[in-house]
2 protein chains.
Amino acid sequence: MSETKEKMVSLADQLIRVRGFNAFSYKDIAEPFDMKNAAVHYHFPAKADLGIGVIQHERNKFATNIAKWKKLPEQEQLQHLIEVFRKHCHAGNICLMGSLSTDYNTLAPEMQLEVQGMAEDILHWLSHTLENGRKHKQLHFHGEAIDRALMIMTNLQASLLMSRVLGPEIFTRISRQLLDDLIP
Amino acid sequence: MSETKEKMVSLADQLIRVRGFNAFSYKDIAEPFDMKNAAVHYHFPAKADLGIGVIQHERNKFATNIAKWKKLPEQEQLQHLIEVFRKHCHAGNICLMGSLSTDYNTLAPEMQLEVQGMAEDILHWLSHTLENGRKHKQLHFHGEAIDRALMIMTNLQASLLMSRVLGPEIFTRISRQLLDDLIP
DNA sequence: TTGCTTACTTACTAGTAAGTAAGTATTTTT
DNA sequence: AAAAATACTTACTTACTAGTAAGTAAGCAA
């Protein structure tokens with residue numbers, strides 16, 4: 001992917017997180033590059049292509065991250081995940097999954113599939129990490145790991161939504177409670 | 001409020017939950033009523049007025065609900081709340097708070113204030129209900145009630161988002177785990 | 001019966017949306 | 001040196017956006 005394309009994907013990522021997929025246009029991409037609308041269409045023929053680019057970039061980044069964390073104790077892997085969300089909270093972003101889930105019904109089918117894939121990626125990794133953490137006495141919870149992964153995932157996702165409305169204190173409270181529950 | 005206005009608010013509520021505030025237009029309101037665009041502007045001069053109407057209606061409905069549940073054991077009050085979300089999940093809706101939080105940065109300031117108020121309403125009630133439930137040995141959790149309220153609220157909110165992407169099984173799992181944690 | 005209110009329609013503005021077709025300048029490949 | 005690919009611009013279309021101004025028909029109120 002060319003440098004311009006990558007920078008456009010990065011900008012679109014920001015716009016999706018800050019304003020939502022249906023609340024930005026090619027104009028918002030073109031202007032910061034001092035280009036015309038049509039130049040963006042040259043790189044991404046349809047808006048869905050840009051959206052798919054953003055999701056695939058995020059999925060790759062996630063894959064890189066979990067590979068990097070692989071050797072760490074599960075407790076620390078989880079803290080790294082929370083740290084990713086904390087940074088987004090600080091920047092006023094919500095998570096890509098949350099933003100695109102809200103707009104899900106208005107997305108092109110190819111984009112919906114990518115969103116689905118991203119959700120499965122995260123849940124798959126999280127439930128495995130939780131299961132291993134329990135086996136190694138690093139993490140403590142009852143019930144199935146997949147259920148606990150769903151609880152944690154929804155906590156993190158919506159914590160960014162609520163922080164946007166009620167302030168970053170919300171995220172601090174939720175992430176602290178999350179760790180207190182798993183590491184008593 | 002006239003009957004027409006109320007029906008328009010109800011339709012807008014649906015559209016916000018299914019497609020998002022920025023993904024419907026006055027045309028989507030006017031057409032089902034066999035009216036012209038301008039007729040909707042007669043009832044709601046700006047789109048924000050319609051949005052505020054929707055939020056206020058929801059806040060009133062919530063106030064009516066919690067008043068109705070007031071005398072019940074806290075365990076049952078919580079089950080009633082979950083039931084509200086279950087019905088929305090079944091209908092393919094996400095919660096109003098979740099939808100409008102995503103679009104928060106693009107909303108008019110008067111609408112942002114209403115969203116804030118709605119969030120505070122729910123959290124206030126939920127943390128009090130949890131605190132009372134613990135006092136009456138109905139509900140079991142550790143930490144502050146406000147923190148637990150945040151955990152449960154985010155679980156429910158994002159469960160609808162994830163159900164939209166991965167199917168209604170997600171909601172079933174989350175709501176079951178939620179109750180298993182509080183009522184061991 | 002005159003005047004006011006309610007609930008619209010018609011016709012419009014001004015701006016934005018995604019997307020396309022044809023042309024151009026620069027660089028790369030053959 | 002010619003051909004082709006790259007990265008755009010110019011100019012356009014079609015469709016929709018929120019919002020407004022002026023007019024109208026029906027009903028009610030003094």
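No hydrogens, no waters, no symmetry mates; every other heavy atom, side chains included, goes into these values.
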Nearest to the B:Tyr42 side chain among C:dA7, D:dG19, D:dT9, which nucleotide is it? C:dA7
Closer than 4.0 Å, any side-chain N/O of A:Lys36 to the OP1 or OP2 of D:dT9? no
Could you label the plane-to-plane angle of the B:Trp125 and B:Phe62 rings as parallel, tilted or perpendicular, counting under 30° as parallel and over 60° as perpendicular? perpendicular
Taken to the nearest whole Å, CG/A:Asp28 to P/C:dG15 is 17 Å
Would you please confirm or rule out a distance under 4.0 Å between OP1 or OP2 of D:dC8 and any side-chain N or O of A:Thr4? yes
Please state how far atom OH in B:Tyr26 lies from atom C1' in D:dA15, giving the value in whole angstrom units. 20 Å
Rounded to whole Å, please give me the gap between CG in B:Leu50 and P in D:dG19. 10 Å
Nearest whole angstrom, please: distance from the P of D:dC8 to the CG of A:Asn37. 14 Å
Heavy atoms under 4.0 Å, any strand shown: does A:Phe24 hit a base, just sugar-phosphate, or nothing? sugar-phosphate
In this structure, how many angstroms lie between the P atom of C:dA17 and the CZ atom of A:Phe44, rounded? 18 Å
Return the nearest nucleotide to the side chain of B:Ser2; candidates are C:dG19, D:dT10, C:dA7. C:dA7
From C:dG19, C:dC8, D:dG19, nucleotide with atom closest to B:Met35 side chain: C:dC8
Just compare C:dT16, D:dA18, D:dA11 and give me whichever is closest to any side-chain atom of A:Ala38. D:dA11
Side-chain contact check for B:Lys47: nearest option of D:dG19, C:dT9, D:dC16 is D:dG19
Has the side chain of B:Ser99 got a donor or acceptor atom that lies under 3.5 Å from a matching backbone atom of B:Ile16? yes
What contact category does B:Asp49 fall into here, base, sugar-phosphate, or nothing, at under 4.0 angstrom with non-hydrogen atoms? nothing
Is any side-chain N or O of A:His43 closer than 4.0 Å to OP1 or OP2 of D:dC8? yes
Applying a strict under-4.5 Å side-chain criterion to I, L, V, M, F, W and Y, I'd like to know whether A:Val115 and A:Leu113 cluster together. no
For D:dT17, take OP1 and OP2 only and decide whether either is under 4.0 Å from a side-chain N or O of B:Ser25. yes
Spacing between B:Lys27 atom NZ and C:dA17 atom C1', to the nearest angstrom: 13 Å
Taking atom P of D:dC16 as reference, at what distance in whole Å does atom CD1 of B:Ile29 sit? 17 Å
With the threshold set at 4.0 Å, does a side-chain nitrogen-carboxylate oxygen contact exist between B:Asp181 and A:Arg148? yes
Closest approach of B:Thr4 to B:Met35 (non-hydrogen atoms, all atoms of both residues): CG2-CE, 3.9 Å
Mind checking if A:Asp34 touches a base, just sugar-phosphate, or nothing, with heavy atoms under 4.0 Å? sugar-phosphate
Whole Å only: how far is the NE2 atom of B:His41 from the C1' atom of D:dC16? 12 Å
